[in-house]
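Let me begin by presenting the structure, written as C-alpha cells, before commenting on it.
In the text below, chain A, chain B and the rest are named by the order of the sequence lines, each starting its count at 1.
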Amino acid sequence: MIEPEEGVPTVLNLSEIAEREKEEEEKVVEIVREFGAENLIYCMQCGSCAAVCPLARVGFEWYNKKLIKALLLGLKEELLDDPTPWACVACNRCTEVCPRLVSPFEVMFAVRRMMVEEFAIPTLAIEGLRALYEYGHAVYMTGREARKKVGLPEKPPSTDSDEQALKDLKTILKNTKLAELGLIPMND
Amino acid sequence: MSNDEKPRIGVYICHCGENIAGAVDVKAVAEFAKTLPDVVVVRDYLFMCSDPGQELIKQDIRDGLINRVVVAACTPRTHEPIFRKACEDAGLNKYFFEMANIRDQCSWAHWHEKEKATEKAKAIVAAAVAKARLLEPLEDRYIELKKDVLVIGGGIAGIFASLDLANAGFKVHLVEKSPSIGGNMAKLDKTFPTNDCSACILTPLMVEVANHPNINLLTYSEVESIEGSVGNFKVKVRKKQTYVDWDKCTGCGACLDVCPPKARVPDEFNEGMSLRGAIYIPFPQAVPKKAVVDMDACIKCGGRDFSGKEPKKSKSGKPILAPCERVCPTGAADRTPYRDPNGEIVELEVGAIIVATGYKVMDKRVFKEFSPDHPNVITAMQMERLISATGPSEGKLVKPSDIPKLLEAKKKGEKVEIEKPHTITFISCVGSRDNRYHTYCSRVCCMYMLKQAMILKEKYPDLDIYIFFIDVRTPGKDFDEYYMRCRQLGIKIIKGRAGGIQPIPGDKLLVKGYDAEICKPVEVVTDIAVLATAIEPDASLKELARTLGINVGAEGFLKERHTKLYPVDTMTEGIFIAGCAQGPKDIPDSVAQAKAAAASAMSLLEPGKMTVEPLISEVNKEKCTGCGVCVPLCPYGAISLVKCEDGKLRSEINPALCKGCGVCTAACPSKAITLHGFTYEQVLAQIRTIARWPEIQA
Amino acid sequence: MIAETESVKGENKLKFGLFLGCNIPFNRPDVEQAMRKIFPALGVEIDDLKGQSCCPTWGTMPSIDIVAWCAVAARNLCLGEEKGIDLMTACNSCYGSLNEARHKMLTNPEIHKSVNEILAKIGKKYEGKSKCRHVAWVLYKDVGLEKIKESIKYTLDDITIAVQPGCHFLWPSNVYPDKEEDPFNPKVLRELCEALGAEAPYYSKLVDCCGMGALRSTDPEKSFTLVKEKLECIKDELDADMIVTTCSSCLIQLDDAQERLRKEGKLNFSIPVLHYVQLLALCMGFDPGQVAGISVTPRDEIINRIIKG
Amino acid sequence: MMEEWEPNILVIACNWCTYQAADMAGSLRYCYPPSVKVVRVPCSGRVEPEFVIEALLNGADGVLIGGCHPGDCHYKEGNYKALRRFEWLKKIVEELGIEPERVRLEWIAGSEGLKFAEVMKEFDETIRRLGPNPLKKV
Ligand SMILES: Cc1cc2nc3c(=O)[nH]c(=O)nc-3n(C[C@H](O)[C@H](O)[C@H](O)COP(=O)(O)OP(=O)(O)OC[C@H]3O[C@@H](n4cnc5c(N)ncnc54)[C@H](O)[C@@H]3O)c2cc1C
Ligand SMILES: Cc1cc2nc3c(=O)[nH]c(=O)nc-3n(C[C@H](O)[C@H](O)[C@H](O)COP(=O)(O)OP(=O)(O)OC[C@H]3O[C@@H](n4cnc5c(N)ncnc54)[C@H](O)[C@@H]3O)c2cc1C
Ligand code: SF4
Ligand code: SF4
Ligand code: SF4
Ligand code: SF4
Ligand code: SF4
Ligand code: SF4
Ligand code: SF4
Ligand code: SF4
C-alpha cells in the first residue's frame with residue numbers, strides 16, 4: 001500500500017486489510033454492529049442516503065454511503081482521524097430515505113463510539129462531556145446576565161440549581177461506559 | 001410376490017456425489033442398515049437416480065433378492081416417482097417403496113456436524129425401514145379428464161395460452177375481469193428490446209382470440225368459486241353487469257362523450273391523466289369493443305336507473321332519456337329494462353386452469369420523498385401513456401401539468417402554446433429492492449426506463465435525459481446492446497438512486513441524487529420526473545389464490561411448484577400459472593411461460609385420463625360403528641353413511657372424491673379408517689423408531 | 001414498531017413538564033421566557049421538572065454508548081413520568097434525542113432493562129409512559145389553531161415568513177409521537193404561522209438542514225456554506241420578512257451565521273429570526289424585551305412592525 | 001450421562017408445507033440441530049394425538065407438528081382440525097406430567113426454509129433447557 005502520512009491511502013490493498021482483520025480477530029463490521037449499526041450489512045450502496053446528506057453536500061469525505069462501504073471492506077485505523085462522523089448532524093434524512101432500512105445515522109454514530117474507544121475523540125466532545133458531568137448541561141454558557149435581562153432567575157430549575165439532581169446524574173454517568181472509558185475525571 | 005411374503009428389504013444409500021457423502025459417513029450408515037430387521041441387501045452408490053444406480057435396484061428385484069425397497073437419498077418430493085417407476089419396471093409393486101431423506105433433511109442441514117449427521121442418517125434409515133416392513137401393495141387409480149381449459153386473465157400471457165390451446169383443439173374459456181382483454185401491454189407505447197409498437201403486435205392477437213371458434217371469451221367476468229380437482233373442476237364465473245346490451249352494442253362510441261362533467265372520472269387506461277365518462281369503452285382497440293357503465297360514476301341522468309320505470313315528460317308525455325341512451329343508435333344503452341346488478345353466473349366444467357392475472361404498478365403516493373403529489377412526478381406507466389399516440393396528449397410530449405389545458409383546447413378546437421419539456425429524469429427501483437415495500441427486483445424497469453429514454457431522445461434530440469440507477473440490469477437477449485445504444489444517444493446514466501425530489505420555482509423539479517462513480521451528490525433541474533414504481537401483485541390475487549387453492553409466496557405472487565423444474569405448475573395439480581402473476585417479467589418471458597403453461601395443460605389433458613396415487617382412505621366396515629364422526633370432517637364431502645346389508649349404517653368413502661388428507665383417519669374413534677400409504681401402523685412404526693432412537697443406537 | 005403508550009396527561013387540564021435543554025436556558029433564555037408567558041395564557045399548565053438536565057445532546061452520551069444515552073434521557077423522562085405528565089420542548093435536539101432514546105428503550109427490551117438497572121441506583125424506574133412532545137405540536141394539536149387565533153392581540157398582516165421546522169422535527173418519522181403527514185413537505189409550522197395572519201409559503205429549501213450542531217462545531221466553514229445556501233434561497237424565492245423556526249439550534253445558527261457571513265462580506269441582506277414561541281408571545285402582547293430580547297441579527301424593526309400593526 | 005445427553009426431537013410434518021420447508025432449509029444450507037428428525041404425513045390433519053403421546057411415551061424429548069398457515073391448507077382445512085386437536089392434546093400431555101412446552105404446533109409454509117431452521121433451533125434450546133423427557137427416566 002502506498003502509505004500516506006495519515007488517513008486513507010490512495011490505493012487500498014484489500015487483501016492486506018482482510019489479512020489485518022484476520023490477525024486482529026475481530027471484524028470491523030461486527031464492531032460497529034455491536035455499537036448500534038445493526039443493519040449495515042443490508043446496505044446495497046444505492047446512494048440515496050448520500051443524495052440527501054448535508055455532509056456529502058458540503059464536501060466531507062466519509063459521509064454515510066462511503067463510510068458504510070469502507071467499514072464493509074474492513075477499514076478502521078485509516079478512518080479514526082477523519083472528522084466526518086463527528087460532523088453528522090443526526091438529522092436522519094438518510095434513515096428516512098434508505099430503502100434497506102440501514103439507518104446510516106446509526107452507522108455514523110456507531111463509528112463515533114468505535115472512535116471513542118480508541119480515544120480518537122475531538123476536544124470539543126470531551127469538553128461537552130465534562131460540562132455534562134459537572135453541571136448537567138453540555139452547552140454551559142455563562143448566560144446568567146442574559147437570563148436576568150429577560151426577567152428569569154439566574155439559574156434554571158435544572159441540575160444547575162439542584163444539588164441532589166446533579167448528584168443523581170453523576171451517579172448515572174458513573175455507571176455507564178463513560179466511566180469505564182475514563183475520558184473525563186469523575187472522582188468527586 | 002404376494003403381500004403375505006415375509007419382507008426382504010433392500011436398502012440403497014446414495015452419495016449424491018459429495019452432497020451426502022460429504023457430511024454423512026455412507027459406509028457407516030450401510031453397516032448399520034445391515035443390522036436392521038428384515039434388511040437383506042444394503043448397497044451404496046454415487047448417484048442412485050442415475051441409470052446404473054436404478055439398475056442396482058432393478059437387478060436385485062429381478063434376482064428375487066428383495067421385495068421391499070428403501071432408498072436413502074434426497075427428498076421424496078422430487079425423487080419418489082423416479083424410484084417407484086424403477087420398482088415397477090422391475091416387476092415390484094411400486095408402493096413397496098419408501099424413501100429416507102438423508103440429503104435435504106440431513107447432510108445439507110448438518111454439513112458441519114459430520115458425526116451427528118451420520119447418526120441422524122442412521123435414524124432416518126431405521127425409521128424408513130420400520131415403515132417399509134409394513135408396506136402394502138396398492139393399485140393406481142384412473143380418473144377421466146375433461147378437456148376444456150379455463151384461462152384466467154386476458155393479458156398477453158392469457159391470450160397466448162388461450163390461442164395455443166385453442167389451436168390445438170382444446171376448448172378454452174377465457175375469463176377477464178375488465179371489459180376488454182389486452183392487459184397492461186395494451187397501455188404500452190413501444191416495447192423493448194425491439195421497440196415495435198405494442199398495439200401493432202397485440203391487437204391482431206386480441207382479434208384472433210375474439211374470433212376463435214374454440215375460445216369462449218368472458219370479459220367483465222370473475223371467477224366466483226371452484227370445486228373439484230384436476231380433470232374435473234367445476235367453476236362458477238360471475239359475468240358482471242355491463243348495463244349495456246352487448247348483443248346490440250356495436251362499439252360505435254357515440255355514447256362516450258355525452259356523460260355530464262359530474263360523471264367524469266379518471267381514466268384507468270390513461271393512468272388517471274385524463275377523464276372518461278361513466279359509460280365507456282376502455283380503449284379504442286378494445287376487444288370486445290363494447291361499452292359498459294361504471295355505476296359508481298354514473299349519476300343516472302333523468303332518474304334513469306334500470307329500475308324498470310319509464311319516466312315521461314309531464315307536458316309532452318315523451319319519455320325522458322339519459323344522454324347516453326339518446327345518442328345510442330342501436331338501443332344498446334337503453335335504460336328501461338331492469339338489469340340485475342349482480343350480473344349472471346356461468347357454470348363451467350374444465351380439466352385444467354391457467355392463471356395469468358398479471359400485475360399492477362405501484363402507486364406513487366407513498367413515496368413522500370419524491371413529491372408524489374406534484375403532477376409532473378409520474379410513474380413509468382404514466383410515461384407510457386404520455387408518449388403513446390393513443391394517450392391523453394396523442395403522443396405529444398408535454399408536461400403532465402399541461403394536459404388539462406391541452407384537452408380543454410382540443411375540446412374547443414383551439415390551438416394552445418404549450419412549453420416543451422427540456423429535461424426528463426428517471427428514477428429506478430422505486431418500491432422495488434426496498435425493505436419498506438418490496439424486496440425483490442421488478443426486473444423490467446431498468447429496460448423500460450432505457451426504452452422510454454431512447455424513444456424520447458430519438459424523437460426529441462434536444463431533450464436532456466437522466467436516468468438514476470442503482471445498477472443497470474439488462475440480462476437478456478439483445479438487452480445490453482440496447483443499453484449501450486442509450487449511452488451512445490447521449491442519455492446520461494447516473495449510477496446511484498435518487499434520494500429526493502423537490503418542487504422549485506418555475507414549475508420545475510429538483511432531483512437530488514448521488515453519482516457513485518464520481519462520488520458526489522448531484523442535482524438535476526427537471527421538468528418531468530419518472531418513477532419506475534414496482535410491479536406488484538394485484539391486491540385481489542391472494543383472494544383468487546385462496547379460491548383456487550394455490551399458494552402465494554411471501555412477495556404476494558403466485559408460487560410455482562418448483563422454481564426450476566416446474567416453473568408453471570402449482571402445488572395443486574391441474575392448475576398452472578403464467579406471466580406476471582407468477583412474478584415480474586417482460587413480455588418475451590410472459591409469452592414463453594404462457595406457452596409452457598398451455599403445453600403443460602395439453603400434456604396433462606390430451607390422454608383423456610390420468611393415474612392418481614391410491615394413497616386415499618378406506619373404511620373397514622367390520623370396525624366401523626356408524627358413529628358418523630368422520631362424515632362432516634371431510635373437506636371434500638367424500639364420506640357418507642350408507643345402510644349395509646345388516647341394516648346398520650356404516651361409513652363409506654367415495655374414492656373418486658377422497659384426496660387422502662387423513663383427517664377422517666385421524667378422527668375415527670374406532671380406527672376403522674385406513675389411509676393407504678400412511679396407515680396408523682406405518683406412521684407409528686416410524687415415530688416409535690425415532691422416539692426410541694437413543695436406545696436403538698446404544 | 002414503537003409500542004405506543006398512552007400519553008399521560010394531568011387530570012382535566014393540559015399540563016406539561018417544560019423541558020429546557022441547554023441552548024434555551026443559557027443561550028436564548030428569551031425563548032424560555034416566551035414559553036413561560038404564553039402557555040399559562042393559553043391554558044396550559046407548565047411544570048418546572050425540577051432537576052432536569054441536558055437531554056443528552058448528540059455530541060455527548062449518544063456518541064459514547066447507547067445505554068448511557070438512554071439512561072440520561074430516561075432520568076429526564078422519569079421526571080415527567082413520576083408526575084404523570086409528558087415533557088414538552090422547544091428544542092429539536094432535545095426532541096430528537098429524548099424520543100430516539102425512548103424509541104430504543106421501547107423497541108429493545110435489553111436496552112430498557114440495562115437502563116432501569118442504572119436508574120435503580122438513584123431510586124428511579126422508567127416505564128416508557130412519558131414521552132417528549134414538541135411545543136409546535138402541543139400548540140397545533142392540543143391548544144389548537146383556533147385558540148391561538150383568539151388569544152392574539154396583533155396579527156401579522158402582509159408579513160411573509162420563511163419557516164424552518166428543522167431536521168429533528170421531521171426525521172426519522174417513526175420515532176416521534178406526532179408525525180407530519182408528509183415529512184418532506186411539512187405543514188404544521190406553516191399553519192401555525194398562518195394562524196397569526198402571516199403568509200408562510202413553501203420554498204425549495206424549506207426542509208434543508210441549517211448546518212448547526214456537530215457540523216458547525218466540526219467545520220464552521222462548511223457549516224456556513226449550508227446556511228448561506230438556505231438564506232439565499234429564502235431571500236430569492238420569498239423575500240421573507242422573517243424566518244421562524246421551532247428549534248433553538250436553528251434559531252441560533254440562522255441568527256448568528258447571518259452576522260458572520262455579513263462581516264465576511266458574503267451576505268448583503270439581513271432577515272430577522274424568531275422562535276415560533278417568541279413570535280406568538282409578541283403577537284399575544286408580551287414584553288418584547290423579555291420574550292424576544294436576545295439576537296445577533298437585528299429584530300427591532302420587525303418587532304415594531306408587528307406591534308404597531 | 002447428563003453432559004452427553006442430546007435432545008431427541010420428532011417433527012411430524014405436513015407433506016405440502018413444513019416437509020417442503022425442511023427440504024428448503026437444507027437446500028439453502030440453513031443449519032439447525034441434528035437432534036431434529038422428521039416424519040412425513042400428508043397433512044397436519046392426519047396427525048392422531050396418539051402419535052404424539054406414543055412418541056413421548058417412547059422417549060422423544062420434544063414433538064413438533066408442522067402444518068400450513070391457516071387458510072393455506074392443501075386440503076382446505078386440515079390444519080384447523082389439527083389446531084383443534086392440539087388444544088386437547090396439550091391437556092393430556094400435562095396430565096401425563098410432561099411440560100406442555102415439549103409439544104408444539106407450528107405453521108411453516110413451504111417457502112419458509114429459514115423459519116423452519118429458526119423454529120428448530122429455538123425448539124432445541126427449549127428442550128435443552130427442560131432436560132430429558134421425564135418419562136424416560138422412569
Ligand atoms: C411501464 C412499463 C413498461 C413496460 N414495457 C415493456 C416493454 O417494453 N417490453 C416488455 O417486454 N415488457 C414491458 N413491460 C412488462 C409487460 O407489461 C409485462 O411483461 C406484460 O404485460 C405481462 O403480461 P401479463 O399477461 O402477465 O399481465 P397483464 O398484462 O397484467 O394482464 C393480466 C390480465 O389479467 C386480468 N386480471 C387480473 N386479475 C384478474 C382476475 N381476478 N380475474 C380475471 N382477470 C383478471 C387483468 O385485467 C389483465 O387484463 C412493461 C411494464 C411496465 C410497468
Ligand atoms: C458456470 C455456470 C453456472 C451456472 N449455474 C446455474 C445455476 O446455479 N442455476 C441456474 O438456473 N442456471 C445456471 N447456469 C445456467 C444453466 O447451465 C443453463 O441454463 C442450462 O444448463 C441450459 O440448459 P440447455 O438444455 O439449454 O443447454 P445445455 O445444458 O447446453 O444442453 C445442450 C445439449 O445439447 C447438446 N448439443 C449441442 N449441440 C448439439 C447438436 N448439434 N446435436 C445434438 N446435440 C447437441 C449438448 O451436447 C448438450 O448436451 C449456469 C451456467 C454456467 C455457465
Ligand atoms: S441509502 Fe441505505 S442502502 Fe442506500 S447506500 Fe445508504 S445506507 Fe446503503
Ligand atoms: S444523519 Fe448524519 S449521515 Fe444521515 S443525513 Fe444527517 S448528517 Fe448525513
Ligand atoms: S437420488 Fe437424490 S441424492 Fe441420489 S444422486 Fe440422485 S439427486 Fe442425489
Ligand atoms: S352508443 Fe350504443 S352502440 Fe355505440 S358504443 Fe355506446 S352503447 Fe354501444
Ligand atoms: S346516465 Fe348515461 S349519460 Fe348520464 S352519467 Fe350515466 S352513463 Fe353518463
Ligand atoms: S429492474 Fe432495474 S429499476 Fe427495476 S427494480 Fe430491478 S434494478 Fe431496480
Ligand atoms: S368415524 Fe369411524 S366409526 Fe365413526 S362412522 Fe366414521 S368410520 Fe365409522
Ligand atoms: S382422507 Fe381426507 S379426503 Fe379422504 S375421505 Fe378422509 S377426510 Fe375426506
Practice prompt. Taking all heavy atoms of C:Ala214 and all of A:Cys88, pick out the closest pair and write down the distance.
Written response: CB-O, 3.3 Å

Worksheet item: Quick one: of A:Met114, A:Lys167, A:Arg147, who has the most non-hydrogen atom pairs under 4.5 Å with chain C?
Response: A:Arg147

Response to the item:
Ranked by heavy-atom pairs below 4.5 Å to chain A, first place among C:Cys55, C:Ser249, C:Gly51 goes to C:Gly51

Worksheet item: Among C:Arg28, C:Lys104, C:Gln52, which residue forms the greatest number of heavy-atom pairs with chain A at distances under 4.5 Å?
Response: C:Gln52

Worksheet, complete the sentence: Counting heavy-atom pairs under 4.5 Å with chain C, the top scorer among A:Ala125, A:Gly128, A:Ala138, A:Ser103 is A:Ala138

Fill in: Euclidean distance, C:Arg75 CZ relative to A:Thr171 OG1, rounded to 0.5 Å
9.5 Å

Item to complete: Hey, could you give me the CG/OG1 distance between A:Leu124 and C:Thr218, rounded to the nearest 0.5 Å?
Response: 8.0 Å

Fill in: Distance, nearest 0.5 Å, that separates CG of A:Leu169 from OG of C:Ser53
4.5 Å

Worksheet item: Which atom names give the shortest non-hydrogen contact between A:Leu152 and C:Pro29, and what distance separates them?
Response: CD1-O, 3.4 Å

Practice prompt. Please round to the nearest 0.5 Å and tell me the distance separating atom CD of A:Gln164 and atom NZ of C:Lys50.
Written response: 10.0 Å

Item to complete: Could you give me the CA-CA distance, side-chain angles and deciding distance for A:Ile172 and C:Leu119, then say whether side chain to side chain contact (heavy atoms under 4.5 Å, CB included) is met?
Response: CA-CA 7 Å; A:Ile172 286 181; C:Leu119 287 180; 3.7 Å; yes

Worksheet item: Looking only at atom types and distance, does a side-chain atom of A:Arg93 sit under 3.5 Å from a main-chain N or O of C:Trp171, one as donor and one as acceptor?
Response: no

Fill in: Result of checking C:Asp65, C:Val67, C:Ile66 against A:Lys177 for side-chain contact (heavy atoms from CB on, under 4.5 Å)
C:Asp65

Worksheet item: Out of curiosity, A:Asp162 CG to C:Leu49 CG, how far, rounded to the nearest 0.5 Å?
Response: 11.5 Å

Practice prompt. Please name the pair of heavy atoms, one in A:Pro156 and one in C:Phe26, separated by the smallest distance, quoted to 0.1 Å.
Written response: CG-CZ, 3.7 Å

Item to complete: Let me know if A:Pro83 has heavy atoms under 4.5 Å from chain C in its side chain, its backbone, both or neither.
Response: both

Worksheet entry | Stepwise side chain to side chain contact (heavy atoms under 4.5 Å, CB included) test for A:Leu129 and C:Met61 | CA-CA 8 Å; A:Leu129 287 166; C:Met61 305 318 282; 3.8 Å; yes

Fill in: Stepwise side chain to side chain contact (heavy atoms under 4.5 Å, CB included) check, C:Leu170 with A:Glu96
CA-CA 9 Å; C:Leu170 306 168; A:Glu96 196 77 11; over 6 Å; no

Worksheet item: In terms of the angle between their ring planes, are A:Phe105 and C:Trp58 parallel, tilted or perpendicular, with boundaries placed at 30° and 60°?
Response: perpendicular

Practice prompt. Could you have a look at C:Glu229, C:Glu221, C:Glu117 and say which one has the most heavy-atom pairs with chain A under 4.5 angstrom?
Written response: C:Glu229

Practice prompt. Considering only heavy atoms and a distance below 4.5 Å, find which of A:Val58, A:Ile126, A:Val89, A:Leu173 pairs most often with chain C.
Written response: A:Val58

Discussion item. How long is the straight-line distance from OG1 of A:Thr176 back to CD1 of C:Ile118, given to the nearest 0.5 Å?
Written reply: 6.5 Å

Worksheet item: Any side-chain heavy atom of C:Ile64 sitting closer than 4.5 Å to one from A:Leu183?
Response: yes

Worksheet item: If you count heavy-atom pairs under 4.5 Å between each of C:Ser63, C:Cys167, C:Gly293 and chain A, which one has the most?
Response: C:Ser63

Discussion item. Quick check on A:Leu181 against chain C: is it the side chain, the backbone, both or neither that has a heavy atom closer than 4.5 Å?
Written reply: side chain

Worksheet item: When heavy-atom pairs shorter than 4.5 Å are enumerated against chain A, which of C:Pro183, C:Cys22, C:Gly59, C:Gly21 gives the highest number?
Response: C:Cys22

Worksheet item: With respect to chain A, which residue among C:Ala71, C:Ala68, C:Ser173 yields the maximal number of heavy-atom pairs within a distance under 4.5 Å?
Response: C:Ser173

Item to complete: Give the minimum heavy-atom separation between C:Gly289 and A:Val150, together with the two atoms involved.
Response: O-CG1, 3.8 Å

Worksheet entry | Residue, of A:His137, A:Met108, A:Arg57, A:Arg112, that accumulates the most heavy atom pairs under 4.5 Å with chain C | A:His137

Item to complete: Output the option from A:Asp160, A:Val116, A:Asp168, A:Thr95 having the highest count of non-hydrogen pairs under 4.5 Å with chain C.
Response: A:Asp168

Discussion item. Does any backbone or side-chain atom of C:Arg36 lie under 4.5 Å from a heavy atom of chain A? Answer side chain, backbone, both or neither.
Written reply: side chain

Worksheet item: Would you find more than 12 non-hydrogen atoms of other residues, nucleotides or ligands less than 6.0 Å from A:Glu34 atom CD?
Response: no

Worksheet item: Under 6.0 Å from the NZ atom of A:Lys174, do we count more than 12 heavy atoms belonging to anything else shown?
Response: yes

